[in-house]
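Worksheet for the structure shown next.
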Amino acid sequence: MKEIGTKTLETKRLILRKYKIQDAEGMYKNWGSDPNCNIYLPWEIHENIECTKSIISAWINEYSDDKFNWIIELKENHEVIGGINVVKLNKITSICEIGYCIGSKFWNKGYTTEALNKVIEFLFEECEMYLIEAKHHASNVASGKVMEKSGMIKECELRNRALNRRNNKIENLVVYSIKKEEFNKYKNSH
């Protein structure tokens, strides 16, 4: 794999770029404090904007050639609406796992799929990844649809692996993946 790091990427409607400390207000407002966003994620809702600033500051300090962490920004008004990143990376096998989060007021507009498609394309074409995976809670059907719309294939369902924060129950975790040749075939057919 090639270690390129978090390079600015653009789609029709989005800019994917490194976080800046100035993004704290937008992150806090649009997803950091949104109780709908962390139902399926391991992090707690941000208590205040200082918490958001602290997180962004840590992420900024972690940027390197093998760190991939993008904020998702709308081109039309430069509002930050979410984030997408590589949550696990195996440099030896060139396999990584992608995670994403977008503010609930931006759901069902295709932004997450657009961002995921671009990051997958970048990781395969520029970083030479072999396989990319993503996971979602079994009850988060919408996230599974995002993965499918990006050409990812459902591999399996891991029993009792994830906490649903809405009801505090443990549920299954669904695993999707895609290889470079599968993505190229999917991209050429759409």
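Keep in mind the model is a prediction, meaning the values are calculated, not measured. No hydrogens, no waters, no symmetry mates; every other heavy atom, side chains included, goes into these values.
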List the residues meeting salt bridge (charged side-chain N to carboxylate O under 4.0 Å, His left out) with [X], not counting sequence neighbours, and say none if there are none.
X      : result
Lys169 : none
Lys91  : Glu3, Asp66
Glu121 : Lys118, Lys187
Lys20  : none

>> Regarding Thr6 and Asn69, do their side chains bring together a donor and an acceptor under 3.5 Å, going by distance alone?
In response: no
> By side-chain contact (heavy atoms from CB on, under 4.5 Å), which residues pair with Ile15, not counting sequence neighbours?
Replying inline: Thr8, Glu10, Arg17, Glu73, Lys75, His78
> Can you list every salt bridge (Lys or Arg N to Asp or Glu O under 4.0 Å) pair that touches residues 99-113, not counting sequence neighbours?
Replying inline: Glu79-Lys105
>> Is it the case that the ring center of Phe122 lies less than 6.0 angstrom away from the ring center of Trp70?
In response: yes
> Does OH belonging to Tyr130 count more than 12 external heavy atoms closer than 6.0 Å?
Replying inline: no
Apply the hydrophobic cluster definition, ILVMFWY joined by side-chain contacts under 4.5 Å directly or through others, and give me every member besides [X].
X      : answer
Ile45  : none
Ile170 : Leu163
Tyr28  : Ile49
Ile39  : Tyr40

> Has the side chain of Asp23 got a donor or acceptor atom that lies under 3.5 Å from a matching backbone atom of Tyr19?
Replying inline: no
>> Between Asn61 and Ser57 (side chain of the first, backbone of the second, donor and acceptor by atom type, cut-off under 3.5 Å), is there such a pair?
In response: yes
Enumerate donor-acceptor pairs with a distance under 3.5 Å from any side-chain N or O in residues 152-160 to protein atoms, sequence neighbours excluded.
unit_1, atom_1, unit_2, atom_2, d
Glu155, OE2, Ser177, OG, 2.3
Glu157, OE2, Asn172, ND2, 3.0

> Quick one: ring-ring contact (aromatic ring centres under 6.0 Å, His included) partners of His190, sequence neighbours excluded?
Replying inline: Tyr186
> Glu125 and Lys180: salt bridge (charged side-chain N to carboxylate O under 4.0 Å, His left out), yes or no, with the steps?
Replying inline: CA-CA 8 Å; Glu125 293 181 3; Lys180 185 174 184 175; over 6 Å; no
